[in-house]
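First comes the structure, then the notes that go with it.
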There are 2 protein chains.
Amino acid sequence: MSEPAAGHGNGNGRREVTVTDVAAAAKVSKATAARALGDYGAVSEAVRDRVQAAAEQLGYRPNALARTMSTGRSNTLGIVVGDIENPFFAQATRGAADVANAAGFDLILSNSDEEAETEQKAIGVQLAKRVDGLLVAPASSVDTANLRTIIDAGRPLVLFDRAVPELEVDTVTADNRRGAEQLTRLLTGNGHRRIAFISTIRHSDGYRRGDTLGSSSVADRVQGFVETLEGAGVPDPAAFVHLNAREEGVEQLARRLLEDEDHGITAVVASDSLIALGVFRAARALGLSIPGDLSLVAFDDADWTGVTTPAVTVIAQPIHEIGAEAARLLIRRIGGDGAPPVTHVLEQHLIERESVARPARG
Amino acid sequence: MSEPAAGHGNGNGRREVTVTDVAAAAKVSKATAARALGDYGAVSEAVRDRVQAAAEQLGYRPNALARTMSTGRSNTLGIVVGDIENPFFAQATRGAADVANAAGFDLILSNSDEEAETEQKAIGVQLAKRVDGLLVAPASSVDTANLRTIIDAGRPLVLFDRAVPELEVDTVTADNRRGAEQLTRLLTGNGHRRIAFISTIRHSDGYRRGDTLGSSSVADRVQGFVETLEGAGVPDPAAFVHLNAREEGVEQLARRLLEDEDHGITAVVASDSLIALGVFRAARALGLSIPGDLSLVAFDDADWTGVTTPAVTVIAQPIHEIGAEAARLLIRRIGGDGAPPVTHVLEQHLIERESVARPARG
DNA sequence: CTGAAAGCGCTAACAT
DNA sequence: ATGTTAGCGCTTTCAG
């Protein structure tokens, strides 16, 4: 005979110990037991001790779901990132998790794969689980439908890494425009004029000035890049912007760019560390020396960038802090802060290493 | 006047749309509406359409928590890893997430920081949230108290990366013993005799043969290392095992080892890619060339290991698959599979690159 | 300070 | 096929 599963529910064999059980054991009412256990209301010390002893003895574990049902608060944040394997998101998630835990919140994680549809599904799940608020690095800075469902559900939302200008929500980003400017200026300052900017962001066609990009952070980088080149008197800087690199493969694209005399590229700005890796591989395959034949700079101070030959000059972003600050803002909103939305733009900083030199030719 | 919050609960202003609302709008009973919405039981097509239209119209979102309350199933897995920033865990988590999602489960993520106490807290939270089962890379392979609370709670548990022999639970690991053997044999085959093994695992004192280590995977690596050295006739191989590297700092420890004539180290086996990075830095700081002055091999085919000069010879683990397989096993258990626990040991494979040569001296 | 009772949103018997 | 009712475990009035 199997245990008579109390009522329905509880797929699992063993019945869970509930407040009712504890109350009975401690010979108090359910309400009193709950008060003692949940640490609210007023309970005499004697009773509290008795209840807690009983709870301990029975192995009572509060059911957070039931608690959420009555209080409406889950003490849980949702976070949706492009891909947790991407070191950027891993770090940001960690930053958020640390702040969340410190404030008594847990985290439900979802990957969007930078795909609107997957993102929507993820948001749906989080909402269904009644998270108290959401942290999201939106797959698109222009398509706002997904994010609106969060707002419509009345849940606080904070964006990180990418802004969505059209939405009035708290946002934490880094100053990518200025970062790109620093990187590019370093290159032009060394005499480079034909500099490629490479990103994996999806884009329908060749980039043209003024095109709207799916990610505001990449858009800002491109802007900083283009403007700096322009300031240096380089004609048609937009032609040096190469997007969609995932489609062809970063290494492949880089090879094509570097091989081809037409391009005459002497330096590249990699929009993240994975791209830098691809460029590194391409240069190596082509027998090009860095920085002799090619200068390379990149976004994100990935741990390995200091250990290659040459070490890579990068813009470091305060990634942890981006996640942490986003979580702080979210928790504040959950706490009921009704102030108008804020946008925090964190500073990036340049780490000069060995991958930049004056171009051999030109 | 603020909205009259229906009953208690629901911290948020707006009242959520419930089945009851939808039922009323569609002019059917709550039960029928629920059946149509939840896609169970039998509902006539006409009614189903009507209900779904009403739901759509009202913006109904199911409350997964309430559903869990009645069914006892949350369709959620918990995963607790050492640190999501560690690429190993990020990849394994992604593998698990993919399998979980495909099967309709979500993931709650916690970091243990490899700390028993933090791990315990994380497990407590997951249990309170009534996850259907847990995936854990245990902070300790010997202290089983934390894991037992999961088993006592009657929740399925599967271990990954690290085994806990004392516990009868499904486990997925890689064949670290053999991996270490391959790496070490490659070194001894090249004539190395004084090879250091470096790990950050905590250990009270200097390593001695037969010591129990906190992580079974490191323990297995050490075993493979020591036995291979022994087989090659190296006296006192245990003396070449250096643990606790985090305390001193990997780079610092490596420097000390490489500088000191007493050690006369000609090669090192790094227990993970972060350690390899530290060794790389140390060698560089000391002006030692790899592989001329020092051979280096490591666990984990981190993306950058192919791009350093020289590229690093590594043992690649099927990290994704470790997470994915663990999730599969867990889901099977949740499904009620009562078969005796299994242990899956996945194969690692050697990727030879350029960081190994015969030692200059010796 | 303690107890009784209602309710959170949903599902599952049990009718009809 | 549909409706009625009870119940999941907890919190929260409301009385006493």
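Note: hydrogens, waters and symmetry copies are ignored here, and every other heavy atom, side chains too, is used.
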Self-check item: With Asp161(A) via side-chain hydrogen bond (donor to acceptor under 3.5 Å, both in side chains) - residues at least two apart
Solution: none

Practice problem: Scan Thr76(B), Asn63(B), Thr68(B) and name whichever one has a side chain to side chain donor-acceptor pair (under 3.5 Å) with Lys129(A). | Solution: Thr76(B)

Practice problem: Flag the pair Arg328(B) and Glu325(B) as a salt bridge only when some basic side-chain nitrogen lies within less than 4.0 angstrom of an acidic carboxylate oxygen. | Solution: yes

Quiz item: Nearest to the side chain of Thr71(B), which nucleotide is it out of dG9(C), dT11(D), dA12(C)?
Solution: dA12(C)

Practice problem: Could you work out which one of dT2(C), dT2(D), dG9(D) sits closest to the side chain of Val43(B)? | Solution: dT2(D)

Self-check item: salt_bridge(Asp143(B), Arg148(B)) N-O dist < 4.0 Å
Solution: no

Quiz item: Roughly how many Å is it from CG in Leu65(B) to C1' in dT11(C), rounded to a whole number?
Solution: 14 Å

Exercise. For DNA chain D, find the residues of residues 46-62 of chain A with a heavy-atom distance under 4.0 Å and give them by number; none if there aren't any.
Key: Tyr60(A), Pro62(A)

Exercise. Find which nucleotide of DNA chain D each of Ser44(B) and Ala66(B) is nearest to by heavy atoms, and output the residue with the more 5' nucleotide.
Key: Ser44(B)

Quiz item: Leu37(B) versus Val22(B): any side-chain heavy-atom pair under 4.5 Å?
Solution: yes

Self-check item: Separation of atom CZ in Arg67(B) from atom P in dT11(C), rounded to whole Å
Solution: 4 Å

Quiz prompt | Glu85(A) vs His320(B) side-chain heavy atoms within contact, under 4.5 Å | solution = yes

Quiz prompt | Minimum-distance pair of heavy atoms, taken over all atoms of Ser141(B) and Pro165(B) | solution = O-CD, 4.1 Å

Quiz item: Asn63(B) has an atom CG; how far is it from atom C1' of dT11(C), in whole Å?
Solution: 13 Å

Exercise. May I have the distance from Met69(A) (atom CE) to dG9(C) (atom P), rounded to whole angstrom?
Key: 7 Å

Exercise. Starting from P on dT12(D), measure out to CZ on Arg73(A) and report it in whole angstrom.
Key: 11 Å

Self-check item: Closest contact, heavy atoms only, Ala54(B) versus Ala26(B)
Solution: CB-CB, 4.0 Å

Quiz prompt | Nearest heavy atoms of Ala96(A) and Leu135(A), plus distance in Å | solution = CB-CD2, 4.0 Å

Quiz item: Counting only non-hydrogen atoms, which of residues 20-41 of chain A are less than 4.0 Å from DNA chain D?
Solution: Lys30(A), Ala31(A), Ala34(A), Tyr40(A)

Exercise. Report the distance from atom CD of Glu45(A) to atom P of dT2(C), rounded to the nearest whole Å.
Key: 11 Å

